[in-house]
Protein chains: 2
Amino acid sequence: MSSVQESGAISLKRLQTACESCSLFQLCLPLELAHDDLEELDHIIKQRRPLQRGEYLFQMGNEFRAVYAIRSGSLKTFTTTDGGEEQVTGFHLPSELVGLDAITTGTHPCSARALETTSVCEIPFDRLEELGSRIPGLQRQLLRIMSHEILMEQDTMIWLGKKSAEARLAALLLRFSSRFKARKFSACDFNLSMSRTDIANYLGLAVETVSRLFSRFQTEGLLEVDRKHVLIKDMDALQRMAGADHTN
Amino acid sequence: MSSVQESGAISLKRLQTACESCSLFQLCLPLELAHDDLEELDHIIKQRRPLQRGEYLFQMGNEFRAVYAIRSGSLKTFTTTDGGEEQVTGFHLPSELVGLDAITTGTHPCSARALETTSVCEIPFDRLEELGSRIPGLQRQLLRIMSHEILMEQDTMIWLGKKSAEARLAALLLRFSSRFKARKFSACDFNLSMSRTDIANYLGLAVETVSRLFSRFQTEGLLEVDRKHVLIKDMDALQRMAGADHTN
DNA sequence: CCGGGACAATGACCCATGTCAACAACTGGG
DNA sequence: CCCAGTTGTTGACATGGGTCATTGTCCCGG
């Protein structure tokens with residue numbers, strides 16, 4: 001899953017960010033920006049030391065200062081209920097922006113934790129906003145990204161509300177598949193960086209159910225699974241499964 | 001539930017919109033704008049003939065031209081699956097903006113239908129965007145509203161994923177309660193403009209379950225229910241119910 | 001190469017909630 | 001004011017998926 005991976009020791013000089021040379025360029029914020037505007041954006045972006053698996057990018061309740069674009073690796077976001085229970089609210093892949101849900105309140109409503117070694121671009125929000133008011137294309141792109149996030153969550157709500165366990169897992173797999181595809185990775189052959197527990201939590205199922213489903217999908221010839229590694233063998237069948245709600 | 005209701009015949013002269021005189025002023029887009037900026041906003045807003053119960057504000061697949069602020073009444077938004085099944089994605093009350101989820105694709109991903117007589121302000125999106133780039137406060141407010149929407153949907157995802165039927169209904173009731181309260185209506189005594197079927201659909205439950213729960217809440221003394229009308233008698237108990245997920 | 005701890009898979013059992021069916025209550029049109 | 005259609009309520013029964021318990025597997029450190 002990891003791609004652009006910084007090697008070993010962290011040099012003290014400012015790491016090169018340069019959106020223009022980033023392989024995620026077309027999916028991330030910069031899309032459609034002119035060369036000069038891009039340079040301005042580059043200047044406000046800070047590159048941070050890569051996060052190790054399990055490290056937090058931010059925690060629920062932290063003051064909101066920046067949004068983060070993922071360069072490589074992956075994150076999960078989750079809230080913690082009063083009872084200490086965790087609820088996973090999303091998994092995030094390279095080029096995606098996290099932290100947007102903190103704008104309203106000025107406080108992060110969820111925590112973000114690395115699922116593997118992960119590097120991010122930090123984009124201070126006050127400066128992004130200021131820049132947005134000068135560069136209409138940037139502003140538009142920001143609204144578009146947020147709108148897209150709303151859309152994706154509506155989709156998720158549909159699975160959670162209406163669909164059977166198998167449809168939910170199928171939908172999850174398809175979503176990952178298309179996200180990888182958009183990032184020029186294989187749509188059929190990928191690693192899931194999160195644990196079964198995280199998947200189950202996200203889908204609102206018991207771990208055991210998820211486990212059983214993976215097994216069943218495998219015996220039915222839809223997938224080949226080996227731990228984190230997934231190979232999709234029958235995309236159409238998955239699609240059919242994901243489509244059917246349990247009223248059928 | 002309806003409040004600012006236009007009476008009978010529709011005059012041909014442009015109806016008075018004037019955000020400044022709107023009772024929803026503080027909750028809606030205009031918040032924090034200076035007088036002059038408000039006037040500019042007023043100029044791009046169109047007032048449409050009120051929608052009757054069951055009328056569509058827009059339909060899934062329609063081209064995205066405008067976002068809509070609800071003045072009075074209420075709407076539901078929903079998608080229709082290939083199988084013709086309906087999935088309710090939200091209920092919308094006065095001062096709320098609908099249509100934001102269409103920004104990314106330029107096409108409405110869901111339909112919006114009036115649950116009762118409902119009047120809305122139409123805000124053409126191209127002009128709003130243009131205005132936003134000139135008025136930073138407006139832009140900020142727009143981002144804030146979208147961020148808030150993301151937040152609310154995450155919350156919804158949590159109910160749907162993790163919670164028992166009773167917790168879901170309790171959470172729904174509490175959400176309406178606080179939304180009415182924010183709009184200076186009673187937090188304990190209100191009408192639900194949508195049918196049981198819509199509620200059930202939204203919560204991912206069977207109508208029968210919703211019906212039974214209403215009855216049970218009533219016998220347990222938490223509520224008094226009479227058709228659409230709800231009187232909350234024990235807010236704390238509801239809160240406790242909404243909090244507990246079915247892992248407790 | 002071995003051992004411990006986390007993670008994953010599988011089986012047996014049970015409960016919450018869905019389904020089906022009958023009925024009751026309300027609503028609007030004539 | 002009545003009747004038909006729609007919407008809501010209630011009961012009996014079925015089942016998907018949760019829970020608990022056991023066993024298997026991987027992975028890392030020593």
Side-chain angles (χ1 to χ4, degrees), chain A residues 52-54 76 85-88 113 115-117 159-172 191-220 223-230 241 244-248, chain B residues 52-54 76 85-88 113 115-117 159-172 191-220 223-230 241 244-248:
Chain A
Q52 294 308 308
R53 175 169 212 273
K76 68 170 175 180
E85 298 281 320
E86 194 173 302
Q87 168 66 43
V88 176
R113 210 169 173 197
L115 290 167
E116 61 192 310
T117 309
W159 314 343
L160 295 180
K162 267 238 175 359
K163 310 246 178 135
S164 66
E166 69 169 34
R168 293 185 205 190
L169 186 60
L172 181 85
N191 283 332
L192 297 170
S193 55
M194 69 294 303
S195 68
R196 298 289 132 106
T197 309
D198 285 335
I199 294 176
N201 185 313
Y202 180 61
L203 296 178
L205 300 171
V207 201
E208 293 90 328
T209 306
V210 171
S211 212
R212 276 189 261 267
L213 285 170
F214 270 120
S215 305
R216 216 186 79 207
F217 284 2
Q218 176 145 277
T219 33
E220 287 173 351
L223 299 178
E224 260 166 47
V225 197
D226 179 41
R227 293 228 116 205
K228 309 271 180 203
H229 181 254
V230 173
M241 270 189 159
D245 56 39
H246 54 195
T247 66
N248 304 338
Chain B
Q52 294 308 308
R53 175 169 213 274
K76 69 169 174 181
E85 299 282 319
E86 194 172 303
Q87 168 66 46
V88 176
R113 211 171 172 196
L115 291 166
E116 60 193 311
T117 308
W159 314 344
L160 295 180
K162 269 240 170 3
K163 309 245 177 137
S164 66
E166 70 169 35
R168 294 185 205 190
L169 185 60
L172 181 86
N191 283 331
L192 296 170
S193 55
M194 71 292 304
S195 68
R196 299 288 134 105
T197 309
D198 286 335
I199 294 175
N201 185 313
Y202 180 62
L203 296 178
L205 300 171
V207 201
E208 294 91 328
T209 307
V210 171
S211 209
R212 275 189 261 268
L213 284 170
F214 270 119
S215 305
R216 217 187 76 207
F217 285 2
Q218 176 144 277
T219 37
E220 287 172 351
L223 300 177
E224 260 166 48
V225 196
D226 179 41
R227 293 227 116 209
K228 309 270 181 203
H229 182 254
V230 172
M241 269 188 160
D245 56 38
H246 57 194
T247 66
N248 304 340

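As the structure is a computational prediction, the values presented were derived from the model and not from experiment. Throughout, a chain's letter reflects where its sequence line sits, starting with A, and its residues are numbered from 1.
- For A:Glu208, there are no side-chain hydrogen bond (donor to acceptor under 3.5 Å, both in side chains) partners two or more places apart in sequence or in a different chain.
- Fit an axis to the five pairs at each end of the helix from C:dC1-D:dG30 to C:dG30-D:dC1 and the two axes sit 50° apart, to the nearest 10 degrees.
- Between A:Arg216 and A:Glu166 a salt bridge is recorded (basic side-chain N to carboxylate O distance below 4.0 Å).
- By the side-chain contact (heavy atoms from CB on, under 4.5 Å) test, A:Arg227 pairs with no residue at all, sequence neighbours left out.
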Any protein N or O atoms within reach of nucleotides 22-29 of chain D? Criterion: under 3.5 Å, listing atom names and distances.
none

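- One atom, CZ of B:Phe217, and another, P of D:dT9, lie 13 Å apart when rounded to the nearest Å.
- Counting heavy atoms from C-beta outward, B:Met194 and B:Tyr202 have side chains that stay 4.5 Å or more apart.
- Take B:Gln52 and apply the side-chain contact (heavy atoms from CB on, under 4.5 Å) test, not counting sequence neighbours, and it matches B:Glu55, B:Thr117.
- Partners of A:Gln218 under the side-chain hydrogen bond (donor to acceptor under 3.5 Å, both in side chains) rule, at least two apart in sequence or in another chain, do not exist in this structure.
- A:Phe217 pairs by the ring-ring contact (aromatic ring centres under 6.0 Å, His included) definition with nothing, not counting sequence neighbours.
- Taking atom CD on A:Gln218 and atom P on C:dA9, their separation rounds to 9 Å, with Å as the unit.
- By the salt bridge (Lys or Arg N to Asp or Glu O under 4.0 Å) test, A:Arg53 pairs with no residue at all, sequence neighbours left out.
- Across the protein-nucleic acid pair, A:Met194 atom CE and C:dA8 atom P stand 11 Å apart, rounded to whole Å.
- Qualifying side-chain hydrogen bond (donor to acceptor under 3.5 Å, both in side chains) partners for B:Glu224, counting only residues two or more places apart in sequence or in other chains: B:Lys233.
- Contact annotation: B:Thr197 side-chain N/O to D:dG8 OP1/OP2 distance is under 4.0 Å.
- Residues passing the side-chain contact (heavy atoms from CB on, under 4.5 Å) test with A:Ser195 are A:Thr197, A:Asp198, A:Lys228, sequence neighbours excluded.
- One interatomic measurement links the two molecules: CZ of B:Phe214 to C1' of D:dT10, which rounds to 16 Å at whole-angstrom precision.
- Contact annotation: A:Thr209 reaches the phosphate of D:dG18 (side-chain N/O to OP1 or OP2, under 4.0 Å).
- Judged as a side-chain contact (heavy atoms from CB on, under 4.5 Å), and not counting sequence neighbours, A:Ser215 has no contacts.
- Closest to the side chain of B:Ser211, out of C:dA8, D:dG8, C:dT17, is D:dG8.
- Between A:Ser215 and the phosphate of C:dT10, there is a side-chain N or O to OP1/OP2 separation shorter than 4.0 Å.
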Kindly give the atom pairs (protein nitrogen or oxygen, nucleotide nitrogen or oxygen) under 3.5 Å for nucleotides 20-23 of chain C.
{"from": "C:dC20", "atom 1": "N4", "to": "B:Glu208", "atom 2": "OE2", "distance (Å)": "3.0"}

